[in-house]
Amino acid sequence: MTTTAPSSHHLSPAFPGRAPWGTANKLRAWQQGAMEKYIQEQPRDFLAVATPGAGKTTFALTLASWLLHHHVVQQVTVIAPTEHLKKQWAAAAARIGIKLDPEYSAGPLSKEYDGVALTYAGVGVRPMLHRNRCEQRKTLVILDEIHHAGDSKSWGEACLEAFEPATRRLALTGTPFRSDTNPIPFVTYEEGNDGIRRSSADYTYGYGNALGDGVVRPVIFLSYSGNMRWRTKAGDEIAARLGEPMTKDAISQAWRTALDPRGDWMPNVLRAADQRLTEVRKSIPDAGGLVIASDQDSARAYAKLIREITGHRATLVLSDDAGASGRIDEFSESDDRWMVAVRMVSEGVDVPRLAVGVYATTISTPLFFAQAVGRFVRSRRRGETASVFLPTIPSLLGFANEMEVERDHTLDRPKKAGEDEDPYAESEKEMAEAEKQQDEDTGEQDMLPFEALESDAVFDRVLYNSAEFGMQAHPGSEEEQDYLGIPGLLEPDQVQLLLQKRQARQIAHSRKKPDSEADLLELPAERRPVVSHKELLELRKQLNTMVGAYVHQSGKPHGVIHTELRRVCGGPPSAEATAGQIRERIKKVQEWATRMR
């Protein structure tokens, strides 16, 4: 068997459709590199981790074509997370002459096909059917977004049972691996020096590399804060500001209040996102926007708001049925402005013209966030940028700042007694919610222990390339327009420079005004850190430790010292103080202790 690098002469000029400028008839460098490694090593199992938008489908189908051509395999089986993606794979394969049946259910496969495209759920229903197919003919199995094989024990076991006899298995993923400790079938785990086993990829192509190569767009995150008010189940009315340190429950309820379509936060953010889309369309005329909603009722309400704001109808995608798949395809081929979807468009769905997004869901796993942002990063021409609008929620801002972090799937994660929840170890329930195949209403919204009363929106900051820019501004203000009006075609370094200039202009403008006219916190974003509840607890613990040490040094009771700190530094009791107020008190008690030495 020859092991020379593959040529792409058999590919049509239009394939891959998402190739970067000027390379429509050849593989990208990473795809070529992954092919060469595979052909040299000829492994039975191969795991390729490539950032969303990099072209995993192109790599996998080129490899499938090579294996078929060299008679290493006789048929191909693709496993995808959803019905829509199953059909998308079949369509992509057809463009290079590989015919996959996306409607296969049972029985002999028609001779006109080279294989089938299935869903993980479909494999879970009839694993022995697919095992028999693998045993009868030499099979390449492509497992798209392989982490789905760990969604449930039954799915993992079904994949293992069905594809254990396969001649070759190619596993693909484009996002951080799962945060649970369920082993994923056909993934190799290697033990590190710390005794913990982690997934081992055969080829990795991360977002940072893809950005440097111009394969994906840089992402500008625009974060919005604001005042929220809601009523708890006990009848208490609570008011809080997004971005301020709160308990986990309070963050969740403030977040849901912001996303309530009856408040002012969502209309203001949708209006800002539409203005951003208008700016982007000046240089990318067919650019589209996507709102990712939590549930069907919210999605319908957001679509209604978009129509009121823009005067144009939004495409509504509510579930993963044939009609929804068709609507996604129609939107992809049109130049319509907006699509609103419930989770389903978060992973793998290919609409390359999407350039502006609104993250209007309370799903807070790093996996789902990366999948969602992945919908906007597919680059078609040099200089395109993506813009994603977010609520000022600590976990989301953390994910946005870690876009270039590559994570492996970890087994044997140690759990310490009393340890706070790992931000990357979300509950199985939330994970299942993020990756549901159907989007039917669950009735959970009716059981939420609170009632959203009112909300407003405040432009908070811009996050780009792990840096934060901007001062708070009211919706519709000149300061907000400065950031919404950033050109849609810019090189990554130009984006950074422009954001720095915008912030410098804001600061200069702020200094000209009397302090009495400042109705918002007029500090640049890097001096307004968004602190998580866990970090706030650590600050309180640090303050109490410092006060305890000063008690022994001064002979004064704890209560007297805390009261004196409040008198000197201002603010409420420690349990209600902000992170900044607690830091001021820590600094002050350190100063007192130093004087007594």
Side-chain angles (χ1 to χ4, degrees), residues 179 194-196 225 227-228 230 232 234 236-255 364 366 392-399 401-402 413-427 449 460-461 466 468 472 521-597:
S179 49
D194 54 5
I196 294 175
S225 178
N227 295 308
M228 308 295 137
W230 66 92
T232 66
D236 299 325
E237 285 194 14
I238 297 179
R241 191 175 186 85
L242 287 185
E244 288 185 352
M246 295 179 258
T247 64
K248 189 174 180 182
D249 286 345
I251 288 174
S252 173
Q253 291 171 353
W255 190 349
S364 58
T392 302
I393 301 295
S395 59
L396 296 187
L397 269 56
F399 300 155
N401 275 324
E402 294 175 358
R413 187 177 55 249
K415 293 182 180 178
K416 299 175 184 176
E419 183 180 48
D420 278 351
E421 186 175 326
D422 178 359
Y424 303 121
E426 299 292 340
S427 68
D460 188 45
R461 68 191 66 208
S466 300
E468 301 185 18
Q472 292 191 332
L521 187 61
E522 299 216 337
L523 286 174
E526 69 267 17
R527 293 181 58 195
R528 293 183 285 111
V530 176
V531 180
S532 69
H533 178 56
K534 183 177 179 180
E535 290 168 321
L536 185 62
L537 289 176
E538 287 297 320
L539 283 172
R540 286 180 186 150
K541 183 178 177 182
Q542 185 182 349
L543 175 62
N544 289 335
T545 300
M546 295 294 300
V547 168
Y550 189 60
V551 163
H552 295 294
Q553 193 174 355
S554 66
K556 298 178 182 178
H558 283 80
V560 170
I561 297 170
H562 278 294
T563 300
E564 183 65 11
L565 284 170
R566 280 185 64 192
R567 186 187 69 77
V568 174
C569 301
S574 296
E576 302 166 23
T578 66
Q581 289 167 332
I582 294 175
R583 288 193 184 100
E584 286 297 316
R585 294 176 196 184
I586 290 170
K587 187 177 176 182
K588 182 57 66 176
V589 78
Q590 285 174 330
E591 183 185 311
W592 290 346
T594 303
R595 285 180 191 165
M596 291 192 68
R597 287 175 187 163

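None of the values given here were measured: they were computed from a predicted structure.
Rounding to the nearest 0.5 angstrom, the gap separating the CG atom in Leu565 from the CD1 atom in Ile582 is 11.5 Å. The line from CZ of Arg585 to CD of Gln542 is 14.0 Å long, rounded to the nearest 0.5 Å. To the nearest 0.5 Å, atom CG of residue Leu539 and atom CG of residue Asn544 are 11.0 Å apart. Separation of atoms CD1 (Ile561) and CZ (Arg566) is listed at 15.0 Å; rounding is to 0.5 Å. Atom CD of Glu244 sits about 11.0 Å away from atom OG1 of Thr392, to the nearest 0.5 Å.
Here the side chain of Arg528 pairs no donor or acceptor atom with the backbone of Arg461 at under 3.5 angstrom. Arg595 places no side-chain N or O within donor-acceptor distance of the main-chain N or O of Gln590, the cut-off being under 3.5 Å. Put simply, the side chain of Gln553 gets close to the backbone of Ala593: a donor and an acceptor are under 3.5 Å apart.
For the pair Lys541 and Glu538, the salt-bridge criterion is not met [side-chain N within less than 4.0 Å of a carboxylate O]. Electrostatic pairing of Arg567 and Glu564 counts as a salt bridge here, judged by a charged N lying under 4.0 Å from a carboxylate O. Using a 4.0 Å cut-off between a side-chain N of Lys or Arg and a carboxylate O of Asp or Glu, Glu591 and Lys587 do not qualify as a salt bridge.
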Next on the checklist: Trp592 vs Ser554, test: side chain to side chain contact (heavy atoms under 4.5 Å, CB included). Steps then yes/no.
Outcome noted: CA-CA 9 Å; Trp592 290 346; Ser554 66; over 6 Å; no

Checklist entry - Can you check side chain to side chain contact (heavy atoms under 4.5 Å, CB included) on Glu468 and Asp460, steps first, answer last? => result CA-CA 10 Å; Glu468 301 185 18; Asp460 188 45; over 6 Å; no

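In terms of heavy atoms, Leu242 sits closest to Ser225 at O-OG, 2.6 Å.
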